[in-house]
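All values derive from a computational prediction rather than experimental measurement. Quick note: residue numbers are just sequence positions, from 1.
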Amino acid sequence: MKKQLLALLLVSATATTSFAALKFDSDVPKNIQSQMVEDLAFMAQITGSGQTPFHKELFTEVSGKAYQQFFDTRIFSVGVDACGGGAAVACVQPFFDPNKMWLTENYIKFSHPQVARSMVVYHEARHSESKNGNWMHANCPRPFLDANGKDMVSIWTGAKLEGQPACDSTYKGSYGSSTIMLKNISKYCANCNDKVKMDADIYAMDQLNRISKPAVKQSMLADFAN
């Protein structure tokens, strides 16, 4: 019990100090604020034992320090918004403020593992990069079917993806980069338990299906084999 309490205190301290500069709008519900800070704190404590070439290019290393720097240099504030409604979980509105992330109730509405919520916020952080055109999404194909001939749907909400701006044509985009991050966590996180690694792999392989160019998908699979 004492060890568990100590662990909780350490996580709480990390959550307080690691992202102290992150500002939440006053109308962001406290439960959403707390969940996001906890998720970022989880990312900040990761240690790694290696990485793939694409991950090195995008994040420099599998480590909490690298992930925190990636996020802190891109997102400065958080608000709450419908983000277009429906299946949206979070968004960046670059023409309003590229360094602000907006969360919807879907961020905590569904029962998803912590590493999956982390995927969402790092996906959106990539959209803050105005110098790269904010890595706008590609439209998913029509039809957009899985290996069993069934409609591809969002792992988060179950929404149908066919024809939606919910895919990437490059591994450097938001879906591509978050997929690479998760796959590297599943392979190289030294202080993650088996459940976290398994969840990271499940969500990484799901997000890989959002890469619309077969050649890019193959290059990512080759990267993961390193």
Side-chain angles (χ1 to χ4, degrees), residues 52-59 67 70-71 73-75 81-104 106-107 110 112 115-186 200-225:
T52 67
F54 283 175
H55 187 278
K56 183 176 182 179
E57 176 187 349
L58 298 172
F59 297 101
Y67 293 142
F70 182 94
F71 190 88
T73 55
R74 288 165 173 79
I75 299 299
D81 191 81
C83 291
V89 180
C91 62
V92 167
Q93 302 177 45
F95 299 109
F96 176 76
D97 183 349
N99 300 113
K100 184 168 188 171
M101 184 180 300
W102 305 86
L103 300 177
T104 77
N106 286 337
Y107 184 69
F110 300 96
H112 290 283
V115 75
R117 289 191 302 271
S118 300
M119 169 193 76
V120 169
V121 296
Y122 277 81
H123 169 115
E124 296 303 337
R126 191 69 165 161
H127 280 311
S128 73
E129 298 178 11
S130 297
K131 65 180 181 180
N132 293 312
N134 304 102
W135 297 109
M136 303 303 289
H137 292 317
N139 288 334
C140 296
R142 289 182 180 274
F144 192 27
L145 308 175
D146 64 17
N148 298 313
K150 295 183 178 180
D151 287 324
M152 286 290 298
V153 299
S154 166
I155 194 173
W156 203 275
T157 64
K160 189 175 177 180
L161 299 176
E162 178 183 85
Q164 297 300 311
C167 287
D168 271 347
S169 59
T170 171
Y171 70 86
K172 297 181 181 181
S174 286
Y175 286 112
S177 61
S178 57
T179 297
I180 290 166
M181 181 187 75
L182 288 188
K183 190 64 178 179
N184 274 260
I185 290 174
S186 75
D201 188 64
I202 289 171
Y203 281 80
M205 298 313 290
D206 174 83
Q207 297 296 284
L208 182 65
N209 290 324
R210 301 218 191 196
I211 304 301
S212 58
K213 288 188 175 181
V216 175
K217 184 182 293 187
Q218 288 302 311
S219 72
M220 293 174 68
L221 287 170
D223 179 69
F224 299 158

[Y] and [X], any side-chain heavy atoms less than 4.5 Å apart:
X	Y	value
Lys172	Glu57	yes
Lys217	Asn209	yes
Ile185	Tyr203	no
Gln93	Asp81	yes
Pro141	Cys167	yes
Asn184	Phe59	no
Asp168	His137	yes

Rounded to the nearest 0.5 Å, how far does [atom2] of [Y] lie from [atom1] of [X]?
X	Y	atom1	atom2	result
Ile202	Ser186	CD1	OG	10.0 Å
Cys140	Gln164	SG	CD	7.5 Å
Arg126	Arg74	CZ	CZ	6.0 Å
Thr73	Glu129	OG1	CD	8.0 Å
Thr179	Phe224	OG1	CZ	6.0 Å

Considering only distance and modelled atom types, tabulate donor-acceptor pairs under 3.5 Å from the side chains of residues 147-156, sequence neighbours left out.
{"from": "Ser154", "atom 1": "OG", "to": "Trp156", "atom 2": "N", "distance (Å)": "3.0"}
{"from": "Ser154", "atom 1": "OG", "to": "Thr157", "atom 2": "N", "distance (Å)": "3.2"}
{"from": "Trp156", "atom 1": "NE1", "to": "Asn106", "atom 2": "O", "distance (Å)": "3.0"}

Considering non-hydrogen atoms only, spot the tightest contact between [X] and [Y] and give its length.
X	Y	answer
Ala88	Thr104	O-OG1, 2.8 Å
Ser174	Ser177	O-OG, 3.4 Å
Ala138	Ser212	CB-OG, 4.2 Å
Leu161	Ala166	CD2-CB, 4.1 Å

Centroid-centroid under 6.0 Å between Trp102 and Phe96 rings | yes
Going through the checks in order, is the side chain to side chain contact (heavy atoms under 4.5 Å, CB included) test met by Ile211 and Met220?
-> CA-CA 9 Å; Ile211 304 301; Met220 293 174 68; 3.7 Å; yes
Quick one: do Ser178 and Met119 satisfy side chain to side chain contact (heavy atoms under 4.5 Å, CB included)? Show the steps, please.
-> CA-CA 6 Å; Ser178 57; Met119 169 193 76; 3.9 Å; yes
Partners meeting ring-ring contact (aromatic ring centres under 6.0 Å, His included) with Tyr107 (sequence neighbours left out) | none
Test applied, side chain to side chain contact (heavy atoms under 4.5 Å, CB included); reference residue, Ile75; option that passes from Glu124, Lys100, His127, Met101 = Met101
Is Lys183 salt-bridged to Asp201, cutoff N-O under 4.0 Å?
-> yes
Per ring pair (Phe, Tyr, Trp, His ring centres under 6.0 Å), His55 is matched among Tyr67, Phe70, Tyr171 by Tyr67
For the ring pair (Phe, Tyr, Trp, His ring centres under 6.0 Å) test, which of Phe71, Trp135, Tyr175 pairs with His123?
-> Tyr175
